[in-house]
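These numbers come from the heavy atoms of this one structure, side chains and all, not from hydrogens, waters or symmetry mates. In each ligand, atom 1 is the first atom listed, and ligand 1 is the first ligand listed. Everything numeric here is computed off the predicted structure, so don't read it as measured data. For this chain, numbers begin at 1 and follow the sequence in order.
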Amino acid sequence: MPRQPSEISLDPQDWDAFRATAHAALDDAIEFLRGVRERPVWTPVPEEVRNRLSGRVSPQGSSLEEVYSEFRELILPYPTGNIHPRFFGWVHGAGVANGIIAEMLAAAMNANCGGRDHGAIYVEKTVIDWCKKIFEFPSTASGLLVSGTSMANLIGICVARNSRGDVRNGGLRDYPRSLVAYTSAEAHESVVRAVEILGLGSAAVRKIAVLKDFAMDVGALRQAIEKDREAGLEPFCVIGTAGSVNTGAIDPLEELAEVCGEEGLWFHVDGAFGALGYLTESIRPRLKGLERADSLAFDFHKWAQVQYDAGCILVRKGELQRAAFSMRPAYLKKMSRGLGAGENWPCDYGPELSRSFRALKIWFALKEVGLEKIARIIEQNCEQARYLEQLVSGEPNLELLAPVSLNIVCFRFPQEGLDGEALDDLNANIVADVQEAGIAAPSTTRIHGRLAIRVNITNHRTRREDLEVLVKGVLAKARERMADQHR
Ligand SMILES: *Cc1c(COP(=O)(O)O)cnc(C)c1O
């Protein structure tokens with residue numbers, strides 16, 4: 001059918017030229033990934049590049065070749081670094097090669113996964129069903145793929161809050177500042193933020209003390225609940241952590257499940273990276289109780305190595321998740337047949353209507369890699385953390401700052417004659433030096449108030465030799481700094 005002379009479309013005018021550029025881009029992407037080990041972990045974005053990037057958008061557009069060559073020059077050389085085997089900062093996954101294909105195909109389909117009846121919806125349902133099986137949730141549980149655990153925590157705690165009463169209609173007027181949530185002092189800040197966003201205020205979160213292993217002190221939790229009840233407040237939710245961001249600590253989940261059962265509280269687990277330890281023989285026993293959670297938040301983009309962003313929320317009583325979010329105006333009314341049919345649209349289970357086909361990259365990664373190999377990588381990373389613990393313990397110029405629970409090692413360079421802030425500054429500078437030299441990318445945190453060099457291993461490309469390079473790099477940069485000071 002010919003186009004009217006006045007009608008335009010945004011499709012390529014020359015599909016063959018588009019194909020040539022697209023194939024070149026795919027080849028570049030593959031080489032980029034294949035050669036990652038040979039490049040610096042991280043390269044700061046030069047000012048000149050930043051300036052060129054901040055230019056205005058062109059009214060007339062430009063050729064795809066021009067846009068692509070700008071991408072190659074100004075964007076591709078400056079990644080976060082997390083695809084590199086010596087990226088150890090924060091908790092980042094490294095991604096898998098097939099994500100390149102999955103993301104490309106999802107773009108071609110451009111599915112809107114808010115609802116309706118089409119293939120992508122069934123892929124997401126399948127992925128959620130896999131998750132229920134992995135974590136031994138009942139088939140009647142519900143779930144939703146989300147951007148990450150921050151969003152998953154928000155949804156889980158929202159369902160917890162809404163299950164206490166008619167918040168949707170009456171707002172929080174019936175609960176004037178009386179609801180209280182409990183989590184450990186080591187919990188991720190997204191937990192506090194979720195409670196804030198839900199209108200309860202961060203003062204409604206009790207940060208329960210941790211024991212020597214950085215896991216929640218259940219005795220202190222019981223006392224806090226009792227004290228709040230005596231003060232006329234209404235405890236509603238306990239948020240357990242399965243793999244804390246500072247040290248990889250795992251709260252005593254089974255005991256938390258018991259407390260929640262006895263006290264009638266919602267049990268939410270933040271298992272951002274640690275929950276997938278459930279796939280392994282060695283970590284699963286320590287996660288016992290996770291399968292009793294009322295809601296579980298975790299990420300695919302961390303230890304499951306799926307490309308960003310990919311997180312998940314599971315809710316044991318699926319009807320409660322639906323009750324918290326479902327809203328069907330006339331233009332979304334369910335049809336009995338056609339594209340507008342289908343039960344349980346994803347938009348009924350979270351705050352978003354239009355949603356990307358996030359499920360496809362998870363489906364590709366889990367199907368090709370398989371759960372066994374993901375489990376093996378998780379165990380391998382924990383073995384590597386214990387190896388680094390040995391390296392640090394065997395090195396008189398380094399000091400271990402926390403027990404190694406899973407995949408996170410916190411240590412520092414303790415220079416004689418330096419303490420307090422000066423020692424913290426020295427270690428922060430060593431981390432920045434190592435990053436800027438492109439040697440490795442650890443990050444920092446505070447352990448008992450002291451600045452720690454923090455190494456997190458959630459990377460399937462990491463080898464033991466990479467940890468040796470890291471330790472050598474830290475010591476070399478520390479020595480350079482000490483030499484400078486004495487000059
Ligand atoms: C990473 C992390 C989060 C936040 O998850 P995002 O996917 O970054 O939103 C929450 N809790 C813990 C324990 C984490 O490690």
Any nitrogen or oxygen of [X] lying under 3.5 Å from a nitrogen or oxygen in ligand 1? Just yes or no.
{"X": "S147", "result": "no"}
{"X": "T149", "result": "yes"}
{"X": "S244", "result": "no"}
{"X": "T241", "result": "no"}

Self-check item: Nearest protein heavy atom with distance in Å, relative to atom 11 (N) of ligand 1
Solution: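 The answer is D270 OD2, 2.6 Å.
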Quiz item: Nearest protein heavy atom to atom 9 (O) of ligand 1, by residue and atom, and its distance?
Solution: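 Protein heavy atom at minimum distance: S150 OG, 2.7 Å.
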Can a salt bridge be assigned to the pair [X] and [Y] using a cut-off of 4.0 Å between side-chain N and carboxylate O?
{"X": "D466", "Y": "R37", "result": "yes"}
{"X": "E258", "Y": "R292", "result": "yes"}
{"X": "D294", "Y": "K317", "result": "no"}
{"X": "E189", "Y": "K207", "result": "yes"}
{"X": "E383", "Y": "R376", "result": "yes"}

Self-check item: 4.5 Å side-chain heavy-atom contact, L320 and W266
Solution: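 Of all side-chain heavy-atom pairs linking W266 with L320, at least one is under 4.5 Å.
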Numbering the atoms of ligand 1 from 1, which are under 4.0 Å from a heavy atom of [X]?
{"X": "S190", "result": "10 (C)"}
{"X": "F273", "result": "15 (O)"}
{"X": "H301", "result": "7 (O)"}
{"X": "K302", "result": "1 (C), 2 (C), 3 (C), 4 (C), 5 (O), 14 (C), 15 (O)"}
{"X": "G243", "result": "13 (C)"}
{"X": "A272", "result": "2 (C), 3 (C), 10 (C), 11 (N), 12 (C), 13 (C), 14 (C), 15 (O)"}
{"X": "G148", "result": "7 (O), 9 (O)"}
{"X": "D299", "result": "5 (O), 6 (P), 7 (O)"}

Quiz item: For atom 4 (C) of ligand 1, which of H92, H188, E186, M151 has the closest heavy atom?
Solution: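 Nearest heavy atom to atom 4 (C) of ligand 1 lies in H188.
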Quiz item: In terms of ring plane angle, is the pair F273 and W303 parallel, tilted or perpendicular, where the classes change at 30° and 60°?
Solution: perpendicular
Quiz item: Would you say E262 has more than 12 foreign heavy atoms packed within less than 6.0 Å of its CD?
Solution: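 Counting neighbours around CD of E262, more than 12 heavy atoms of other residues, nucleotides or ligands fall under 6.0 Å, so yes.
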Exercise. Give a yes or no on whether R72 atom CZ has more than 12 heavy-atom contacts from other residues, nucleotides or ligands under 6.0 Å away.
Key: no
Quiz item: Looking at OG1 of T247 and CG of N407, how far apart are the two atoms once the value is rounded to the nearest 0.5 Å?
Solution: 10.0 Å
